Amino acid sequence: MNLAEKFALGAAHAELMGVEFVDFDEEREEITLRFNAPDSFITPRGSVQGGLVAGFLDEVMGWAHVWATDHVEAPLNLEINMSLLKPVPAGPLVGKGRVIKRGRRVTYLEGELLSEDGQLLARSTSTAIPTPRPTAENRGKI
């Protein structure tokens, strides 16, 4: 597996969000990613559109599960809850995702989106089904 496959770098959505891998803490099953919210994500209110904030959180929660399963599984979301706590600005952001509980049938995930200086901007939780991680060979079949 090359680095682009391992970190989904080059995937169109990841490129759009400016995703960069920072760290994975195996013991806590927590991943840290950097994002770069482009100016095109900003609404007339001056902050990132809420659905796009959900995308950042979905990305970081999903990768927490992928890394926790050594890249074998990927979560299929049943539901995502999100709370916007402060306006999310354009530019650099930090995402932290973690596995709360991982079972054979259901996985519980949590995510946070922070400003570069550590202010909590948004939080999320997800209930998901663990599935085999999509690859070039099985894409669209699982």
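Since the model is a prediction, treat every value here as computed from it, not as a measurement. Atom set for the values below is all heavy atoms of this structure, side chains included, hydrogens, waters and symmetry mates excluded.
- The shortest distance between side-chain heavy atoms of F41 and V88 does not fall below 4.5 Å.
- Residues S47 and P87 approach most closely at CB-CB, 3.8 Å, considering heavy atoms.
- Ring pair F21/W67 is parallel by interplanar angle, where below 30° counts as parallel and above 60° as perpendicular.
- The nearest pair of heavy atoms linking A90 to V48 is N-CG2, 4.4 Å.
- Minimum interatomic distance between L57 and A122 (heavy atoms only, all atoms of both residues): CD1-CB, 4.0 Å.
- Between R98 and E110, at least one side-chain N (NZ, or NE/NH1/NH2) sits under 4.0 Å from a carboxylate O, which counts as a salt bridge.
- A heavy-atom distance below 4.5 Å is not found between the side chains of N36 and R34.
- Looking at T43, its side chain does come within 3.5 Å of a backbone N or O of R45 through a donor-acceptor pair.
- Within 6.0 Å of atom CG in D23, more than 12 heavy atoms from other residues, nucleotides or ligands are found, so the atom counts as buried in its surroundings.
- Environment of CZ in F24: crowded, with over 12 heavy atoms of neighbouring residues, nucleotides or ligands closer than 6.0 Å.
- The closest side-chain heavy-atom distance from V60 to S124 is not below 4.5 Å.
- Taking CG of L78 as the start and OG of S126 as the end, the distance is 7.5 Å to the nearest 0.5 Å.
- Both L121 and I42 belong to a common hydrophobic cluster when Ile, Leu, Val, Met, Phe, Trp and Tyr are linked at side-chain heavy-atom distances under 4.5 angstrom.
- Exactly one of L33, V94, L93 qualifies for a side chain to side chain contact (heavy atoms under 4.5 Å, CB included) with F56. That residue is L93.
- Of all non-hydrogen atoms in A37 and P89, the two that sit nearest each other are CB-O, 3.9 Å.
- Atom CG of L52 sits about 12.0 Å away from atom CG of D58, to the nearest 0.5 Å.
- The heavy-atom pair separating V99 from A68 by the smallest distance is CG2-CB, 3.8 Å.
- Salt bridge status for E73 with R133: absent, with no side-chain N to carboxylate O gap under 4.0 Å.
- One distance of note links CZ of R104 with CD1 of I129; it measures 14.0 Å at 0.5 Å rounding.
- Using a 4.5 Å cut-off between side-chain heavy atoms of Ile, Leu, Val, Met, Phe, Trp and Tyr, with links allowed through other members, L114 and M17 fall into different hydrophobic clusters.
- By the rule that hydrophobic residues join a cluster once side-chain heavy atoms approach within less than 4.5 Å of another member, L16 and V53 end up as members of one cluster.
- Here the straight-line distance linking atom CG of L113 with atom CZ of R123 works out to 12.0 Å at 0.5 Å rounding.
- Under the 3.5 Å distance criterion, with hydrogens and angles disregarded, a donor-acceptor pair is assigned to the side chains of E79 and T127.
- The side-chain heavy atoms of M61 and I80, taken from C-beta on, include a pair separated by under 4.5 Å.
- Using a 4.5 Å heavy-atom cutoff, the side chains of T125 and L109 are not in contact.
- Residues F35 and L84 fall within the same hydrophobic cluster, defined by Ile, Leu, Val, Met, Phe, Trp and Tyr side chains chained together at heavy-atom separations under 4.5 Å.
- With T131 contributing its side chain and A74 its backbone, the two residues share a donor-acceptor pair below 3.5 Å.
- Heavy atoms only, all atoms of each residue included: E29 and A64 are closest at O-CB, 4.2 Å.
- Under the 4.5 Å side-chain heavy-atom criterion for ILVMFWY residues, no single connected hydrophobic cluster contains both V22 and W63.
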